[in-house]
Structures are given as C-alpha cells and as structure tokens.
There are 2 protein chains.
Amino acid sequence: MYPKPIQNLITEFSKLPGIGPRTAARFAFSLLRKPENDLRLLSEAIIKLKTETRICKNCFNISEEDLCEFCSDAKRDRSLVCIVEEAINIPAIENTKRFNGLYHVLGGVIKPSDGVSPADLKIKELIERIKSNGIEEIIIATNPNTEGETTALYLVRTLKSFNIKITRLARGMSTGSDLEYADEMTISSALAGRREYK
Amino acid sequence: MYPKPIQNLITEFSKLPGIGPRTAARFAFSLLRKPENDLRLLSEAIIKLKTETRICKNCFNISEEDLCEFCSDAKRDRSLVCIVEEAINIPAIENTKRFNGLYHVLGGVIKPSDGVSPADLKIKELIERIKSNGIEEIIIATNPNTEGETTALYLVRTLKSFNIKITRLARGMSTGSDLEYADEMTISSALAGRREYK
C-alpha cells in the first residue's frame with residue numbers, strides 16, 4: 001500500500017510493544033516531515049543502544065561501565081539490596097529518593113507458559129552476592145501480579161536458609177485512588193496490611 | 001536516570017507523535033532485549049525512509065519514482081482527482097476499493113495559528129493540473145474538522161471558476177456507531193444529508 005521504504009519502517013516500528021500498523025504508519029509519516037539529520041540522530045541512537053551499553057557485573061543493571069552507577073557508588077548502602085524484574089523498574093524506585101541500597105535485576109519473572117524457569121533468572125548470582133557481600137536485607141520489588149508474586153514466593157523459599165531479612169513492597173491502596181474503583185485484591189491487601197494510628 | 005545511550009534513544013523516541021518518556025523507555029528496553037541485527041534493520045529503515053523516497057511530481061504523494069504508483073498507472077481514471085491533506089490519508093481511500101481516480105496531496109491544511117496559509121499548500125499546483133489535464137471532478141477529502149473544513153471551503157471558492165464538478169465526502173453517522181454517543185455535529189450532518197429509500 002505504501003512505497004517500500006515506508007512499508008519497511010512500518011514493519012519495524014510495528015515490532016515495538018503496543019504499536020500496531022496504524023501507529024507505526026503515523027510514526028513513519030511524522031519522520032518523513034523531519035529534516036534528514038533528525039532521522040540520523042534516531043538511527044544512531046538505536047545502533048548505540050546495544051553497542052555502547054553492557055550489563056553490570058554485580059547487579060545486572062544496564063550500564064556504560066563494568067559496574068553500574070549504583071554498584072560503583074561508594075555512598076550507597078551495600079547491606080540493602082532491592083530485587084527488581086528488569087532494569088527499567090529501577091528509576092521508579094530511585095524517584096522515591098527513599099532507597100539508598102543496591103539493586104539486583106532478575107532479568108524477568110518465573111513464567112512456565114513462556115518457558116521461563118528460575119534457572120533463567122539471575123537467582124544463582126543473587127545467592128552468590130548474599131554469600132559473599134554482607135547483605136542484611138533483601139527487598140523484593142517484583143511486580144504485584146501473578147508472575148511477580150510467584151517469583152517473590154520462590155525467592156523467599158530459596159533465600160530463607162540465609163541469615164538475612166527478606167521484605168516485600170507493601171500492598172494497598174494507591175495514593176490518589178478511590179475505594180469505589182479499587183479491585184478486591186487491592187482492598188484485601190490494604191485491610192490485611194492496615195496500620196495503627198499512634 | 002538511565003545510562004546515556006538509553007537516555008539518548010528515549011529522547012529521540014519521545015519526539016514521535018503521542019509518545020511520552022515512559023513509552024519511549026518501554027521502546028528502548030524492548031529493543032535492548034532484541035538481537036543486534038533487529039536494531040540494525042530498524043536503524044537502516046529510518047535512514048532509507050528519506051533517502052529512498054521522493055515526492056510524486058504530479059500529485060505530491062510519496063513515491064519511489066518520479067511518478068507515484070497511482071499517477072503512473074494507466075488503468076486509473078485521470079478525470080477524477082481526490083484531494084487529501086497528507087499522503088498518509090491515501091490508503092484509507094484505497095482500502096474502500098471504490099475509488100479509481102488519481103490523488104492530489106495538499107501537504108497540510110490552512111491553519112493560521114500554525115502559520116500555514118493557502119500559499120504553503122499545493123493549491124497552485126492543483127490549479128495547474130486542472131488547467132492542463134482534463135479533470136472533470138474533484139473530490140475534496142480533507143478531514144472533517146475545523147481546519148479541514150476551512151481548507152475545503154477555500155478550495156471550493158478557488159476552484160469554482162473552472163468548469164469542473166466539485167464534491168465533498170459525505171458527513172453522517174459512522175457505520176457501527178450509536179446515536180446515543182454521536183455528537184451533535186455528526187447527527188446534524190446525518191439529518192441534512194438524509195437519503196430517501198427508493
């Protein structure tokens with residue numbers, strides 16, 4: 001339907017998450033209206049994404065160096081480790097400015113339907129870190145959905161033999177949310193985790 | 001917050017229409033998980049988008065050759081020309097399989113607030129086509145919004161001195177829509193354009 005160079009780009013854009021052919025076409029036509037230099041910047045940024053990044057040797061975050069910005073920062077608390085599914089989850093924690101520990105990126109969640117088993121995640125490496133590093137507390141911050149919970153439970157079972165505190169992000173009502181629209185699971189969690197006024 | 005190569009790509013993706021930094025980050029991280037060759041395909045498709053396309057000399061559609069697939073197709077009806085705002089609008093008309101004429105891409109709409117005046121659109125070139133080409137009917141298919149209507153009215157006024165039929169796509173209820181949710185303008189148009197059962 002479109003000339004081949006446009007169709008090719010639509011095909012590639014359609015591979016991005018949540019992007020169908022219509023949105024991909026909108027992207028392609030918006031790029032057509034831009035100066036060639038803008039296209040070059042985007043094109044180069046895509047190539048450099050993998051050639052100029054690597055995986056942090058300690059926590060498996062994405063990094064420009066062997067150790068990521070957190071693992072190489074002497075001011076971070078090495079006794080506290082927050083476990084996340086993916087590197088993309090880290091800024092959400094950092095933005096709170098309430099966490100000063102290190103991270104451990106699992107690289108996914110246990111999901112048998114997709115063939116992802118515990119052996120595919122960086123769990124062995126987490127155990128190595130616990131064995132050698134003086135970690136006192138692990139905060140499990142996998143997502144609050146079925147796979148995230150399954151993975152959290154697996155971690156709790158696997159790590160309970162070590163003499164460390166294992167915690168999980170609290171479940172409850174989101175700030176600004178409304179009881180009327182909250183789902184039952186969320187309200188149940190909020191009831192179970194209720195806090196006393198002191 | 002993210003390593004520079006990721007941040008750069010997020011910045012570039014955020015320039016796409018309707019894409020905020022969160023979606024851009026999701027795109028960047030989805031690309032990180034892909035083989036390097038996939039990134040190369042996307043990167044090359046972006047560069048080729050402009051280097052391997054040009055503008056059709058006759059109708060200003062995007063093309064790989066001097067004349068686009070429609071203008072170079074001897075089977076199309078040269079007496080009928082459909083006027084669209086942008087090349088991206090053409091597939092919507094083609095998909096109906098009810099139009100066998102040529103197109104004319106205006107390259108935008110009259111929008112004084114953005115500094116777009118009739119002189120910025122391919123209207124002079126449309127008049128040249130009408131003068132030289134044996135066109136019998138012009139179908140105006142600008143979008144049914146304020147700018148599209150303004151542009152359509154301007155075209156009607158400008159072209160009325162030529163001995164050609166000028167038509168506009170019908171306005172009315174969309175197929176599958178619901179009276180209850182339709183806006184007043186749409187229902188008004190549907191009333192005004194009502195058709196008699198025969």
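In what follows, every chain begins at residue 1, and chains take the letters A, B, ... in the order their sequences are listed.
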**Interface residue of largest heavy-atom contact number with chain A, from B/Leu42, B/Thr11, B/Ile10, B/Asn8, under 4.5 Å** = B/Leu42

**Item:** Engaged part of A/Ile90 at the chain B interface, taking heavy atoms whose separation is under 4.5 Å
**Value:** neither

**Asked** Does atom CG of B/Asn163 have more than 12 heavy-atom neighbours, drawn from other residues, nucleotides or ligands, at distances under 6.0 Å?
**Response** no

**Prompt:** What distance separates B/Asp38 CG from A/Ile46 CD1, expressed to the nearest 0.5 Å?
**Reply:** 11.5 Å

**Prompt:** Are there more than 12 heavy atoms of other residues, nucleotides or ligands under 6.0 Å from atom CZ of B/Arg54?
**Reply:** yes

**Request:** Considering only heavy atoms, give the residues of residues 63-83 of chain B separated from chain A by less than 4.5 Å, sorted numerically, with 'none' for an empty result.
**Result:** B/Ser63, B/Glu64, B/Glu69

**Request:** Give a yes or no on whether A/Phe60 and A/Phe99 share a hydrophobic cluster (residues Ile, Leu, Val, Met, Phe, Trp, Tyr; joining criterion: side-chain heavy atoms under 4.5 Å apart).
**Result:** yes

**Request:** Heavy atoms only: give me the nearest B/Lys50-A/Leu32 pair and the separation to one decimal.
**Result:** NZ-O, 2.6 Å

**Prompt:** If Ile, Leu, Val, Met, Phe, Trp and Tyr residues are connected whenever their side-chain heavy atoms lie under 4.5 Å apart, and connections chain through other members, are A/Phe27 and B/Ile47 in the same group?
**Reply:** no

**Item:** Gap separating the NZ atom of B/Lys15 from the NZ atom of A/Lys34, nearest 0.5 angstrom
**Value:** 6.5 Å

**Asked** When rounded to the nearest 0.5 angstrom, what distance separates OG1 in A/Thr23 from CD1 in B/Ile19?
**Response** 7.5 Å

**Asked** Quick one: do A/Leu121 and A/Leu153 end up in the same hydrophobic cluster if we chain Ile, Leu, Val, Met, Phe, Trp and Tyr together by side-chain heavy atoms under 4.5 Å apart?
**Response** no

**Intermediate values then yes/no, side-chain contact (heavy atoms from CB on, under 4.5 Å), B/Glu36 and A/Thr51** = CA-CA 8 Å; B/Glu36 227 163 285; A/Thr51 57; 3.7 Å; yes

**Message:** Is there a path of hydrophobic side-chain contacts, each under 4.5 Å between heavy atoms of I/L/V/M/F/W/Y residues, joining A/Leu39 to A/Leu41?
**Reply:** no

**Most chain A-contacting option - heavy-atom pairs closer than 4.5 Å, from B/Glu52, B/Glu86, B/Glu44, B/Glu12** = B/Glu12

**Request:** Please answer: with hydrophobic residues joined when any side-chain heavy atoms are less than 4.5 Å apart, are B/Ile140 and B/Met185 in the same cluster?
**Result:** no

**Prompt:** With a cut-off of 6.0 Å (strictly less than), are more than 12 heavy atoms of other residues, nucleotides or ligands near CZ of B/Arg22?
**Reply:** no

**Asked** Looking at B/Leu49 and A/Pro5, what are the two nearest heavy atoms and their distance?
**Response** CD1-O, 4.1 Å

**Prompt:** For A/Phe29, is it the side chain, the backbone, both, or neither that has a heavy atom closer than 4.5 Å to a heavy atom of chain B?
**Reply:** side chain

**Request:** Select, from B/Ser30, B/Pro91, B/Ala28, the one with the greatest count of heavy-atom pairs under 4.5 Å involving chain A.
**Result:** B/Pro91

